[in-house]
Amino acid sequence: MEERYQAKAIEEKWQRIWEAEQAFKVSEDAAKAKYYVLEMFPYPSGRIHMGHVRNYSIGDVVARYKRMRGFNTLHPMGWDAFGLPAENAAIERGVHPEAWTQENILYMKTQLKRMGLSYDWERELATCEPEYYRWNQWIFIQFFKKGLAYKKSSFVNWCPSCETVLANEQVIDGRCWRCDSVVTQKELEQWFFRITDYAEELLQDLDKLAGWPDKVLTMQRNWIGKSIGAEIDFPLVGRDGGLRIFTTRPDTIFGATFVSLAVEHPLALDLSAGTPQEAAVRTFIDRFKNVSQANRGAEEGEKEGVFTGAYCRNPFTEKNIPIYLANFVLMEYGTGAVMAVPAHDQRDFEFAKKYQLPIPIVIQTHDHKLTADNLTEAYVDDGVMVDSGIFSGLASAAGKEKIAAYAEEKNWGKKAIRYRLRDWGVSRQRYWGTPIPIIYCDRCGTVPVPEDQLPVKLPDDVPFTGKGGSPLSESKFFSQVACPTCGGPARRETDTMDTFVDSSWYFLRFTSAHVATAPFDIEKARYWMAVDQYIGGVEHAVLHLLYSRFFTKALRDLDLAKVDEPFANLLTQGMVSKETYRCSEHSWLFPSELVGSEKEGWRCPQCGRPVQKGRVEKMSKRKKNIVDPEDLINLYGADTARLFTLFAAPPEKDLEWSDQGVEGAYRFLSRLWRFVFQHRPLWTNVSANGDASGLSAELRELRRTIHRTIKKVGDDIDGRFHFNTAIAAIMELFNALSAAAQSDGQSNAAAAVIQEGTETIVVLLAPFVPHVANELWEELGHEERLDQVPWPSYSEEALEEEKLLIVVQVNGKVRGKITVPADVTQEYIETNALADPKVLSFLDGKNV
RNA sequence: GCCCGGAUGGUGGAAUUGGUAGACACACGGGACUUAAAAUCCCGAGGACCCGGAAGGGUCCGUGCCGGUUCGAGUCCGGCUCCGGGCACCA
């Protein structure tokens, strides 16, 4: 190798070596401590982007570091390969989703390999392969048998223009994400997973996840949304039965002056039958029933309702109160019926004002300042119960308990707990997903596909039209099937599964990626699970991470998984952003398109208008602020790309892209490279034997710096993930070595310490910039691959300070600095500190 | 509206437990090398002010704003402002 740093040749060389030697292949080894580090696997969109580079660079540092620390380290990679873009490509360009996906996987795999990521590629998997998705189907059937998968009719988001169901996350402000049509509601038969069975455990076990960011824990807690309250029956007046309501504020029940129902409530129409209100109610229901919840208020939060003509009795006040339908009541939460307490609930307050319903105060502030007249908004805080019969005078907190207990005693209702979490609808009317392995027979009903007939493969005779309905039903042979139970004519389910199913257990599959007889090998999973460190974007804080936790628990209850939680530690990395440029006339512009200069101001290439440097935003094609990792690798090499993304910001923070910063990273590697080749000739006769005796004070200090750096870099990587400060410390050490080499590069003693320092830098850099570190290690005359070198340990003896700098503060302000030998007494320091003239000048009186 | 984060030089960011604020890097300025440029190397730098011929030395201010605790606060407490994110009629 020559004296110029040539990233391309070095990187190709080491990637070849790692491949040939299967350097990162692992298997179970009971003798070694295991470590499982996993980055969220990518969707094969075509090319990797900077978010991937950042995510996988972070994971690779952890993997390589843990390996050097002696852990048996599992670091796999695969493809979340089902999903909509492949189907859209098929519709728009006539490529089969399978071909499109495989091509993308192939290309992205070469890109990842060029990053030098230390994956065990033998465990590679793609969720669109029948060998993978057959186990989605198998798990579905196990869930079905346990009642965890079930079918029910439910309202779904429906785009009338695309004629398809939309997932909640595809509805933006009540409109379709693709065509911008107003989303409606449609009732469809859908398959669900009973995730709500695990609501309480999913909530409780968040406390076990000490290694997760608080932010994510909070988001999951809110998503599960546990509410404690009571269900109480309000008997109907003039007919049998009652309305069961759910409330978290039973203490306000004496203030309930009406009841509100969702338009979907089963009794909604029935109650008005035969009353003068019937027509109005029918109109109201028709107006709202197909409108998605997000679109039900004409304006933000506008309350609307209609009287049903019917009454029910508040069991506590024994008064008859009217029943209304209201546009803001949700059928899916609670019971679809709400006791309305206008004085103490803002929605009910607005509703009562609008329809002139009474607003009695039943919770008073402690200074009794609420009156019917001065109430301008609902009083929703705690207080003292008033006008509440025998409960008057109780604090509202105590009242909640007492009222609920009283209702239970009288058999009017019971204490109840509700969650916002809904069961997980997994049916998708799509082609490119896992076929749901169910057969419908007129005689036998809903029958799962027998396990020995799995996988139910995707048919390849489906036209891709983009029209509504399930594409699988267009296949000539797919749907028609003999009933597995009776042999009679039957039809297959033609919906496919939500792709989140695929990603809910792939981390288990990685422990035995190619086992053909089970979703994963139980013993291997027992060895590797849980994932010790999971790394990915915060956008998955709820859905993917919650579904994976649910799957892990459900598979545990099927005696497959042996852990309660899949991911012991979670790191959510920030996004990669860059400045944008925008012309008022011609929208977003690439920086390279701009004309003019930084000093004179940039102008638009089309209209010549001045262009302002815009906000720093997440990299996106639309905003033209992307950097293609491939260009970066071609220009500087993978090591530079890795070094910059790791150095520019701590992993959990957003990273602002800087082209100059990349240059800086490259310069550092070049400088190190040159340094090694320049000084190596001096090291042929010396060896770093760690013997410090006879070294000058300067060299002893240099050795101290070396060992301090070893300690700091280890501490920074381990658990803290402060890669930016770890790299900064390495740079500091390098600066110190450079300075030493310049002032005293000739003596044998100095050469030995500088050699020790240089080797230390190369080893410490191995997790961050593996190619150049490996190459330099070899150039330094080492036979064994740097990947196999253990992480260096620091010497306590070398760390020991001989002299200490003592900062003397007077009233918190630095007034003097004294240097003392490390082994002196307290009095010695005090005496010297008080002898310092500067300190003295600030000490008019006594010292503390 | 509710719940989480965050705010430190020209910029990205350091400061791990309340103890020298601004490590490291980028950008910038100056110098060396060069016919020249690039590359490389060296030096400088928070702000205001003071002493000195100079090298240098010193004082005060300074971590979004106001207040508090403490010998001492970027760090802890109370009250705001702004920015980012999540949830959003959940009874």
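These numbers were taken from a predicted model, which means no experiment stands behind them. All chains are named by letter (A, B, ...) in the order of the sequence lines, taking the proteins before the strands, and each is independently numbered beginning at 1.
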Q: On the 0 to 90° scale, with breaks at 30° and 60°, tag the A/His679-A/Phe675 ring pair as parallel, tilted or perpendicular.
A: tilted
**Q.** Dot-bracket encoding of pairs in RNA chain B, which uses [ ] for pseudoknotted crossings and | for another strand, Watson-Crick or G-U under 3.5 angstrom
**A.** (((((((..(((......[....))).(((((.......))))).((((((....))))))..(((((..]....))))))))))))....
Q.
If you take any heavy atom closer than 4.0 Å to RNA chain B, which residues from residues 329-339 of chain A end up in contact?
A. A/Val329, A/Leu330, A/Tyr333, A/Val338
Q. If only side-chain N and O atoms of A/Asn724 are considered, is one of them under 4.0 Å from the OP1 or OP2 phosphate oxygen of B/A25?
A. no
**Q.** Side chain of A/Met731 (C-beta onward), nearest among B/C26, B/A25, B/C90
**A.** B/A25
(Q) Does the plane of the ring in A/Phe734 sit parallel, tilted or perpendicular to the ring in A/Phe668? Use 30° and 60° as the thresholds. (A) perpendicular
(Q) Categorize A/Ser260 for me: base, sugar-phosphate, or nothing, with a 4.0 angstrom heavy-atom threshold over every strand shown. (A) nothing
Q.
Could you tell me if A/Lys226 sits above the aromatic ring of A/Tyr419, with its cationic atom closer than 6.0 Å to the ring centre and no more than 45 degrees from the axis?
A. no
Q) Do you see a donor-acceptor pair shorter than 3.5 Å between the side chains of A/Tyr794 and A/Thr760? A) no
Q | Heavy-atom neighbours of A/Lys354 NZ exceed 12 at 6.0 Å | A | yes
Q.
If I pick the P atom on B/U17 and the same atom on B/G6, what distance separates them, to the nearest angstrom?
A. 14 Å
Q) Is there any salt bridge (Lys or Arg N to Asp or Glu O under 4.0 Å) pair reaching into residues 642-658 of chain A, and which pairs are they, with sequence neighbours excluded? A) A/Asp60-A/Arg642
Q | Nearest to side-chain heavy atoms of A/Phe328, which nucleotide of B/C89, B/U16, B/A23 | A | B/C89
Q: Select from A/Arg720 and A/Glu656 the residue whose nearest nucleotide in RNA chain B is closer to the 5' end of that strand.
A: A/Glu656
Q. Parallel under 30°, tilted from 30 to 60°, perpendicular over 60°: which one fits the rings of A/His344 and A/Tyr379?
A. perpendicular
**Q.** Axial cation check for A/Phe246 ring with A/Arg418, 6.0 Å and 45° limits
**A.** yes
Q. Does any N or O donor sit under 3.5 Å from an N or O acceptor when you compare the side chain of A/Arg347 with the base of B/C90?
A. no
**Q.** Heavy atoms of other groups near A/Glu200 CD, more than 12 under 6.0 Å
**A.** yes
(Q) Return a single string for nucleotides 1-10 of chain B, one symbol per nucleotide in 5' to 3' order, where B is base contact, S is sugar-phosphate-only contact and - is none, cutoff 4.0 angstrom on heavy atoms. (A) --SS------
Provide a list of protein-nucleic acid N or O atom pairs under 3.5 angstrom, restricted to nucleotides 37-44 of chain B.
{"unit_1": "B/U40", "atom_1": "O3'", "unit_2": "A/Arg674", "atom_2": "NH1", "d": "3.3"}

Q.
Can you see if the side chain of A/Ser227 gets near the phosphate of B/A91 - specifically, an N or O under 4.0 Å from OP1 or OP2?
A. yes
Q. Does a side chain donor of either A/Asp718 or A/Tyr65 reach within less than 3.5 Å of an acceptor in the other side chain?
A. yes
Q) Is A/Lys226 touching bases, backbone alone, or none of the nucleic acid, heavy atoms closer than 4.0 Å? A) nothing
Q: Classify the ring geometry between A/Phe768 and A/Phe723 as parallel (under 30°), tilted (30 to 60°) or perpendicular (over 60°).
A: perpendicular
Q) If the P atom of B/A32 is compared with that of B/A37, how far apart are they to the nearest Å? A) 11 Å
Q) Taking the chi torsion of B/G74, is it syn (within 90° of 0) or anti (everything else)? A) anti
Q. With under 30° as parallel and over 60° as perpendicular, where do the rings of A/Tyr324 and A/Tyr355 fit, or are they tilted in between?
A. tilted
Q. How long is the span from the CG atom in A/Asn625 to the CE atom in A/Met50, to the nearest 0.5 Å?
A. 12.0 Å
(Q) Rounded to whole Å, how long is the line connecting atom CZ of A/Phe644 with atom C1' of B/C24? (A) 14 Å
Q: Could you check whether A/Phe647 gets within reach of a base, just the sugar-phosphate, or nothing at all, counting any heavy atom under 4.0 Å?
A: base
Q) Which whole number of Å gives the distance between the C1' atom of B/U75 and that of B/A14? A) 14 Å
Q.
Say we look at B/U63 and B/G10: how far apart would their P atoms be, to the nearest angstrom?
A. 13 Å
Q: With heavy atoms under 4.0 Å as the rule, sort A/Asn735 into base, sugar-phosphate or nothing.
A: sugar-phosphate
(Q) Which nucleotide wins on minimum distance to the side chain of A/Lys712, given the candidates B/C89, B/U16, B/G13? (A) B/U16
Q: Mind jotting down which residue pairs meet the side chain to side chain donor-acceptor pair (under 3.5 Å) criterion with at least one end in residues 569-578 of chain A? Sequence neighbours excluded, please.
A: none
Q. Do A/Phe644 and A/Trp657 have ring centres separated by under 6.0 Å?
A. yes
**Q.** 5' precedence on RNA chain B between A/Val542 and A/Asp345 (nearest-nucleotide basis)
**A.** A/Val542
Q.
Rounding to an integer number of angstrom, what distance separates B/G47 and B/G9 when you compare their C1' atoms?
A. 10 Å
